[in-house]
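Encoded as structure tokens, the structure appears first; notes follow it.
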Amino acid sequence: MNPIRLASRRTALALLLMLVAAFSAASQQAQSSKCVRVTLLQVNDVYQFMPVDRGTSGGLARVSTLRKQIMKDSPNTLFLFSGDTISPSVESIKLKGQQMIDAWNNIGLDYAALGNHEFDFGPDVLLQRMKESKFQWLAANVVDKEGKSFGGMPPFVVRDVGGVRVGFFGLLLPETTTTSAPGPNVKILGSCETARRIVPQMRAGGAQIIVAITHLSMREDKELAHCVPEIDIIIGGHEHTLLQSLAGRTPIFKMTADARQLGRYDLTVDAATGRLQSVDWQIIPVNEDVEADPQFAAVNEKYKEFLATYTEMVGRTNVRLDARSEPNRTGETNIGNFVADSFRQAMSADVALINGGTIRADTIFEPGPLSKHDVLAILPFGTEVVKVEVTGATLRKALENGVSQSGPGAEPGRFPQVSGLRFSFETSSPAGSRVKKVTINGQPLDDKKSYTLATNVYLLGGGDGYEMLKGAKRLTRQGEGQIDAEILRRTIAAATGGISPQTDGRIEWMNRPADDNKSECIIVAAPVGSR
């Protein structure tokens with residue numbers, strides 16, 4: 001063979017092999033750079049499955065429709081719930097959350113974090129609801145007195161989603177031990193210490209992406225993100241406020257209550273490395289433009305007759321009633337004034353004080369008729385109201401407790417709605433010395449004088465930090481107390497021309513700062529061994 005022709009063939013073969021190798025490398029590189037989209041859907045603090053705001057917002061039948069639409073676009077979709085559903089609501093007064101479990105089972109919930117109100121009826125009822133659930137509850141920091149997981153919940157779950165190993169764990173705010181009724185055999189551990197222990201276990205179990213489903217305050221969520229930066233995304237709840245934040249490298253999302261929005265988060269993950277490349281999010285309105293899923297009709301039919309018992313009209317309002325959670329936990333509202341006034345009148349007391357967190361409708365009632373359902377939605381706990389005798393000093397301590405947690409981004413359920421007194425406070429002062437001026441009937445509060453106080457038995461038992469009321473002399477004899485919603489119903493019904501409550505300046509927040517959730521400086525101790 002001609003040596004020149006042979007050399008030419010050898011060169012051509014070498015070039016061919018080089019091209020094949022280059023193509024193979026390019027193919028492997030293209031394969032290694034392939035990304036997987038994992039979609040997470042979120043709602044939180046959902047207390048009723050029917051639409052709210054006179055039918056214009058929310059409704060789990062609409063959420064079910066949106067979920068199915070999104071799953072067609074993104075097959076790797078999981079539906080998450082960030083706690084609070086068993087209580088409180090009008091329906092749960094009788095059903096103790098059974099209706100909500102039926103609803104979640106129907107629409108295909110995947111994972112749910114425990115919320116503080118899951119314990120409102122005690123641990124035994126919650127355990128029954130958990131047994132009825134077709135989805136997985138998660139709360140890694142909730143254990144029994146022996147340190148074992150409450151209700152047999154796994155500390156975390158690692159799930160293959162489109163070839164990506166996604167780990168989920170849940171956390172519940174520790175103050176649940178005093179704001180709800182978990183009982184003496186339930187312990188709630190610290191969020192950071194739990195996450196520091198759990199996340200390495202999740203990594204060892206193969207989790208490439210870490211998702212925390214939490215029912216914490218935003219401040220606690222930010223602390224969590226800083227103390228365990230390996231968390232890729234926090235899906236939170238509790239505030240009933242639409243909140244989005246970034247703490248360190250971790251995005252945090254919260255929707256408002258009762259499924260008024262559906263959060264959608266698209267996680268783009270490198271298939272080869274399992275690393276999160278990006279997070280895109282969308283807040284989807286759940287409103288009248290969304291058709292109800294016909295599949296949900298079975299739940300509506302099951303509870304149709306029960307819901308019909310609450311449609312009776314009891315009166316009307318001539319003004320907008322602000323029963324939203326955030327205003328009633330941060331300042332004076334017209335419904336807060338009206339409820340406190342009705343309690344003081346019913347008990348023939350000098351003053352009345354209730355916790356803003358007891359007002360639960362979380363909506364604005366437009367002028368018009370008010371039904372039995374509306375009244376019970378405002379006060380769904382069915383708590384007894386009584387009259388007690390307290391000194392001015394005790395009353396001052398109660399007010400101090402009520403504003404002790406107030407501040408930018410805070411919505412404490414203990415915030416006091418009052419009647420028969422006026423007070424001012426400022427949050428720039430230390431807790432315990434924030435109340436600056438208190439008057440009763442135009443006269444300064446006398447610490448040594450005795451006053452009669454109308455309040456609910458939850459506060460009288462020390463709930464929401466009102467420990468100073470525990471020793472109050474009870475003037476209402478056993479069996480003579482009145483249920484809060486019944487007092488409110490009678491007061492509304494007695495107003496033949498309708499009710500028109502107003503704010504009158506009885507509560508003044510002096511030098512109130514911007515409530516923007518951006519002014520906090522989160523300082524978290526570094527884990528042992530870190531730099």
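Values reported hereafter were calculated over all heavy atoms of this structure, with side chains retained and with hydrogens, waters and symmetry mates removed. Note that this is a predicted model, so its numbers are computed, not measured. The first residue of the sequence shown is numbered 1, and numbering continues consecutively from there.
Screening residues 489-511 for ring-ring contact (aromatic ring centres under 6.0 Å, His included), with sequence neighbours left out, gives Phe425-Trp509. Every pair passing salt bridge (charged side-chain N to carboxylate O under 4.0 Å, His left out) that includes a residue from residues 367-381 is listed here, sequence neighbours excluded: Arg54-Asp374. Each side-chain hydrogen bond (donor to acceptor under 3.5 Å, both in side chains) pair with one or both residues in residues 173-187, not counting sequence neighbours, appears once here: Asp120-Ser180.
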Please assess Ser92 against Gln48 for the test side chain to side chain donor-acceptor pair (under 3.5 Å), listing each intermediate value before the final yes or no.
-> CA-CA 9 Å; Ser92 287; Gln48 47 195 317; over 6 Å; no
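A salt bridge links Lys436 with Glu426: the closest approach of a Lys/Arg side-chain nitrogen to an acidic carboxylate oxygen falls below 4.0 angstrom. The pair Asp45-Lys254 does not count as a salt bridge, with every side-chain nitrogen at least 4.0 angstrom from each carboxylate oxygen. One finds a salt bridge joining Glu467 and Lys470 here, because a Lys/Arg side-chain nitrogen approaches an Asp/Glu carboxylate oxygen to under 4.0 Å.
Shown here is Asn441, whose CG atom has no more than 12 heavy atoms of other residues, nucleotides or ligands within 6.0 Å.
A pairwise comparison of heavy atoms in Leu453 and Val390 identifies CB-CG2, 4.2 Å as the closest pair. Of all heavy-atom pairs between Gly190 and Asn141, the closest is O-CB, 4.4 Å.
The CG atom of Leu353 sits 5.5 Å away from atom OG1 of Thr455, with the distance rounded to the nearest 0.5 Å. With values rounded to the nearest 0.5 angstrom, Glu389 atom CD is found 10.5 Å from Thr394 atom OG1. For the atom pair CG of Leu376 and CZ of Arg360, the computed distance is 14.5 Å after rounding to the nearest 0.5 Å.
By the ring pair (Phe, Tyr, Trp, His ring centres under 6.0 Å) test, Tyr265 pairs with Phe253, sequence neighbours left out. Applying the ring pair (Phe, Tyr, Trp, His ring centres under 6.0 Å) test to His240 and every residue at least two apart in sequence or in another chain returns Tyr47.
Side chains of Glu118 and Asn116: no donor on one and acceptor on the other come within 3.5 Å. A donor atom on one side chain and an acceptor atom on the other are not found under 3.5 Å apart for Ser191 and Glu223. The closest side-chain donor-acceptor pair between Asp53 and Asn287, if any, does not fall under 3.5 angstrom. For the 3.5 Å distance criterion, the side chains of Trp104 and Ser133 fail to qualify, holding no donor opposite an acceptor.
Of the options His117, His215, Glu220, a side chain to side chain donor-acceptor pair (under 3.5 Å) to His238 is made by His215 and by none of the others.
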Below 3.5 Å, can you tabulate the donor-acceptor pairs from side chains in residues 333-343 to any protein atom, sequence neighbours excluded?
from   : atom 1 : to     : atom 2 : distance (Å)
Thr333 : OG1    : Asn328 : OD1    : 2.5
Thr333 : OG1    : Gly336 : N      : 2.9
Asn334 : OD1    : Asp322 : N      : 3.1
Asn334 : ND2    : Arg320 : O      : 2.7
Asn337 : OD1    : Arg506 : NE     : 3.4
Asn337 : ND2    : Glu332 : OE2    : 2.7
Asn337 : ND2    : Gln502 : O      : 3.1
Asp341 : OD1    : Ser419 : OG     : 2.5
Asp341 : OD1    : Arg506 : NH1    : 3.0
Asp341 : OD2    : Arg506 : NH2    : 3.4
Ser342 : OG     : Phe338 : O      : 3.3
Ser342 : OG     : Val339 : O      : 2.7

